[in-house]
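In what follows, residues are counted from 1 in the order of the sequence shown.
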Amino acid sequence: DLPCELHSWRQTADYSPEMRQFACILHLYHIKAYDYLRKIFPLPHPYSLTKQVFIHSECVSSWLSNNEAAAGFSNDIFLRLQEKVERGEQAYCYCALMVQDMSLQKQQEWDPQTQRLTGFVDLGAGVLDADEAPLASEAIILMAVGISSPWRAPLGYFFVNSTTGHLLAQLLRQTINKLNNIGITVLAVTSGATACGAETARALGIRTDPERIQCTFQHPPGSAHSITYFFDICHVLQLIRNALQCFQKIEWLSDAVRWQHVVELAALQEQRVLEPCSPKPGRPRSEESYHLKVNLATLLFSEDVADALEHLQKLGLASFQNCSGTIKFVRLISCLCDVFYGRGPYRRGLKGPLLARNYTKISYLFNEAKNFFVTLTDSMGRYVIKSKRKLGFLSFLLNAESLKWLYANYVCPEGTPSRRLLTYAFSLDPLELFLRALQQACGSSRSPTCTVFQAAYHKLLASCSLVPGSPHSSGSGNMSFLDISLSRRRDLTLGSIRAQYNPARGRTPATAYPYCAGLLLRGSALSNALTDLSLHAQSITCTAGFIAEQLASDLQCEACLASLFESDESRLRCGSVLYIKKLGGVSLPSASVYHITSILEQVLNRYGKVGDGSKTTKLCHLSLEQKVFQELLGESPLFPTLTSHLFDGELCVNNHYTVLVKAITRLYLNIRTNHAKHLNLKYPCGRHRLKRLKGKHLFPSPLGSCQSSQTHAGS
């Protein structure tokens, strides 16, 4: 299909689709072969592959670009970005670039609209439609992200049959060319900390040797413009977790980091402890009962895990003695995570954006980490930084050098374009947020076909807004950066470690709970006969406690999980270890959970039945949810411990505060619906009904030492 005459290759405007495909594929897959062949055939300069084509003064496209969400660079997105730059919007003049792949289902399909077969490799120059053409197995997606303003733009995708580091490096260079053409300067590139990501970094000229780290590459090659390189921090944490788990023990100087300390913390069973109470006038000194509980949503490398290990060590537990080395290691990694997860401009300290006022502290932390990492050894005395588990530690060092370089060149000097850097832009979280929405739009958890992928991508692109902080920015759906960050790190929590070594016990089924919780059913003779208000309050307390326990088994957010239970503000910080009071075997809820549950009960008593699970019931639930929020408006603030946590995500109404209130409301309504069906009271009430409960008490016996239940009852 390709002409052999040299003159046929001179006018690029006259190239056939097959000639364009040949030039694009050869350039992307093997740049050296392309450069060699240009000496024989007058192939176009690589710059021409992404240069926009104009016909009669109207921009048509470039060879690797397409309209209507087809494979290749998205013309619409680049035109919209160009308009913003031309209007003088400085936030769009500089960006970070990220790349990630998504697996596809190999399948050949017939497209009735184009009357062609689909499912083949497509790099933006047209589908390779032939019997010998390979089927696509992966989609490579590229995204640009603002470094000083939270805008995001999906730039395009490419169907390939295998992803290599050299291919990604070429696609990144072409993307940088296109962004430069419209006036946007790329300051950083991010990829996964994987074998392919490491190969991409090497292909671009990045070096990770601790003695001579090269954190930038020039583009165009030989130019004065340098671009930094980052490895995704979530992947880096997984690699460090793997290293610690494989080595079991890592030593440095006179101390050691032991994986077993983390395992023991995750496996710590709930246990009852007695603590002396402050003596009251005229009364003897007494003890108060608590239950020690591990917050399984806590991230492994976090300050709370370090605090918990320190607290358990002070308690004298044998499993946590001599864990000072583990505490120091966890704290160091936690601080590094805070730096690279600066999600918003409203955070402070290490968790905030990179500014001149916090750089000194960050630079000291980076130097401490380097000195720490290069001295780590395994149990045989071999340096970890030179072992087969070195990539995670080297990635941290590379990221640190890249951030220092950006500060020195784009934050520190006077008159530079940016006075702050949002470090979340150097992780893959923005792109993963888009991919999660793309997976939902595909309508299946399995790998999509090329046809399904294109339809979903077209749908997201149609709703994509480039406005910073917009809920439709980059077509990300309803998830927030905080949610995607927690979701991606779910296998880095204490709960995931417990699941590895101690499979989780089944939680209390919601359908069996009211027998032991004393859930009140509206309209029942038993409920109407109640005259003891303290028992009624105790029933609400137990129900709220059960709801807190149910939500705690699913929540991924450590702060939200801790806010579900009553806490003693006077107690010293214990990190991921929670001190919880119990009533009749059920954890006492926080005052906020109790308050929401009591409001729910009032709403149900006022507005009617909960239904039986039918479609009408679901509509009824939505109406009741609305009434609950109306009741809560104007009330005292809920979840006071989450005030600072609201700044971890976007400043919007649908944050963790409102999500938590909705989750409590829906779980309560579901419980009431299930029990309205199960306990329809067609039998006589009273003692005959109690016999049917097979010995289970309708109300739990109160714990005399549990003063919190009295507090709730009187509220």
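Here the side chains of Leu398 and Phe230 are not in contact, with every heavy-atom distance at 4.5 Å or above. Phe396 is listed as a side-chain neighbour of Ile233, based on a closest heavy-atom distance under 4.5 Å. Here the side chains of Thr164 and Cys196 are not in contact, with every heavy-atom distance at 4.5 Å or above. At least one side-chain heavy atom of Ser487 sits less than 4.5 Å from a side-chain heavy atom of Gln556. With contacts defined as side-chain heavy-atom distances shorter than 4.5 Å, the pair Ile140/Leu167 qualifies. By the 4.5 Å heavy-atom criterion applied to side chains, Leu179 and Phe78 are counted as neighbours. Put simply, the side chain of Tyr157 does not reach to within 4.5 Å of the side chain of Leu142, judged on heavy atoms. Two residues are said to be in side-chain contact when any heavy atoms from C-beta on lie closer than 4.5 Å; Leu376 and Ile385 fail this criterion.
Between the Gln107 side chain and the Thr449 main chain, no donor and acceptor come within less than 3.5 Å of each other. Here the side chain of Trp151 pairs a donor or acceptor atom with the backbone of Ala91 at under 3.5 angstrom. Side-chain atoms of Thr200 never come within 3.5 Å of backbone atoms of Ala169 as a donor-acceptor pair (strictly under, hydrogens ignored). Panel note: side chain His225, backbone Val186; a donor-acceptor pair is recorded below 3.5 Å. A distance-only check finds a donor-acceptor pair linking the side chain of Gln214 to the backbone of Thr216 [under 3.5 Å]. Checked by atom type and distance alone, the side chain of Thr228 pairs as donor or acceptor with a backbone atom of Leu187 at under 3.5 Å. Proximity of a side-chain donor or acceptor of Arg202 to a complementary backbone N or O of His166 within less than 3.5 Å is not detected. When atom types are taken as modelled, the side chain of Thr493 and the backbone of Arg490 share a donor-acceptor pair closer than 3.5 angstrom. Here the side chain of Asn161 pairs no donor or acceptor atom with the backbone of Ser137 at under 3.5 angstrom. Without hydrogens or angle criteria, Gln439 side chain to Arg446 main chain gives a donor-acceptor distance under 3.5 Å.
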Review point. For Phe340 and Val236, what are the C-alpha separation, side-chain angles and deciding distance, and is it a side-chain contact (heavy atoms from CB on, under 4.5 Å)?
Key: CA-CA 11 Å; Phe340 291 107; Val236 172; over 6 Å; no
**Study point:** CA sep, side-chain torsions, deciding dist, call: Val99, Ile141, side-chain contact (heavy atoms from CB on, under 4.5 Å)
**Key:** CA-CA 6 Å; Val99 61; Ile141 301 97; over 6 Å; no
Review point. Given the rule in the side-chain contact (heavy atoms from CB on, under 4.5 Å) test, do Leu135 and Gln108 qualify, once you have shown the distances and angles that lead to the verdict?
Key: CA-CA 7 Å; Leu135 293 174; Gln108 195 178 111; 4.3 Å; yes
Exercise for review: Evaluate the side-chain contact (heavy atoms from CB on, under 4.5 Å) criterion for residues Ile213 and Arg207: first the C-alpha distance (whole Å), next the side-chain angles of each, then the deciding distance (0.1 Å), finally the verdict.
Suggested key: CA-CA 5 Å; Ile213 290 180; Arg207 297 292 177 265; over 6 Å; no
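Trp259 and Tyr501 have tilted rings, their planes meeting at an angle from 30° to 60° on a 0 to 90° scale. Relative ring orientation between Phe73 and Phe158 is described as perpendicular, the plane-to-plane angle rising above 60° on a 0-90° scale split at 30° and 60°.
Identified under the side chain to side chain donor-acceptor pair (under 3.5 Å) test for residues 183-198, with sequence neighbours left out: Ser191-Tyr229.
A search for salt bridge (charged side-chain N to carboxylate O under 4.0 Å, His left out) contacts involving Asp378 returns Arg382, not counting sequence neighbours. Residues passing the side chain to side chain contact (heavy atoms under 4.5 Å, CB included) test with Ala266, sequence neighbours excluded: Leu494, Ile497, Arg498. In this structure, the salt bridge (charged side-chain N to carboxylate O under 4.0 Å, His left out) partners of Arg488, at least two apart in sequence or on a different chain, are Asp232, Asp429. By the ring pair (Phe, Tyr, Trp, His ring centres under 6.0 Å) test, Phe247 pairs with no residue at all, sequence neighbours left out. Under the rule for a salt bridge (charged side-chain N to carboxylate O under 4.0 Å, His left out), the partners of Asp76 that lie at least two apart in sequence or sit in another chain are Arg80.
Distance check: Glu199 CD to Leu204 CG gives 10.5 Å after rounding to the nearest 0.5 Å. From Cys557, atom SG reaches atom CG of Leu660 across 8.5 Å, with rounding to the nearest 0.5 Å. Taken from CD1 in Ile240 to CG in Leu336, the straight-line distance is 8.0 Å, to the nearest 0.5 Å. Here the OG1-CG distance, from Thr423 to Asn399, works out to 10.5 Å after rounding to the nearest 0.5 Å. Atom CG of Leu299 and atom OG of Ser334 lie 8.5 Å apart (nearest 0.5 Å). With rounding to the nearest 0.5 angstrom, the CG atom of Leu155 is 10.0 Å from the CE atom of Met98.
Donor-acceptor pairing under 3.5 Å is recorded for the side chains of Ser103 and Ser447. In this model, no donor atom of one side chain and acceptor atom of the other lie less than 3.5 Å apart for His219 and Asn180.
Shown here for Cys93 and Val85, the closest heavy-atom pair between the two residues is SG-CG1, 4.4 Å. Residue Phe231 comes nearest to Ala201 through the heavy atom pair CZ-CB, 4.0 Å, listed as atom of the first residue, atom of the second, then distance. Between Leu81 and Ala153, the shortest heavy-atom distance links the atoms CD1-CB, 4.2 Å. Here the closest non-hydrogen pair linking Cys234 and Tyr341 is CB-OH, 3.6 Å. The minimum heavy-atom distance between Leu332 and Ala369, with the atom names listed, is CD2-CA, 4.0 Å. Here the closest heavy-atom approach between residue Leu104 and residue Cys450 is recorded as CD1-SG, 4.0 Å.
Checked options Phe453, Tyr457, Phe120; the residue passing with Phe159 is Phe453 (criterion: ring-ring contact (aromatic ring centres under 6.0 Å, His included)).
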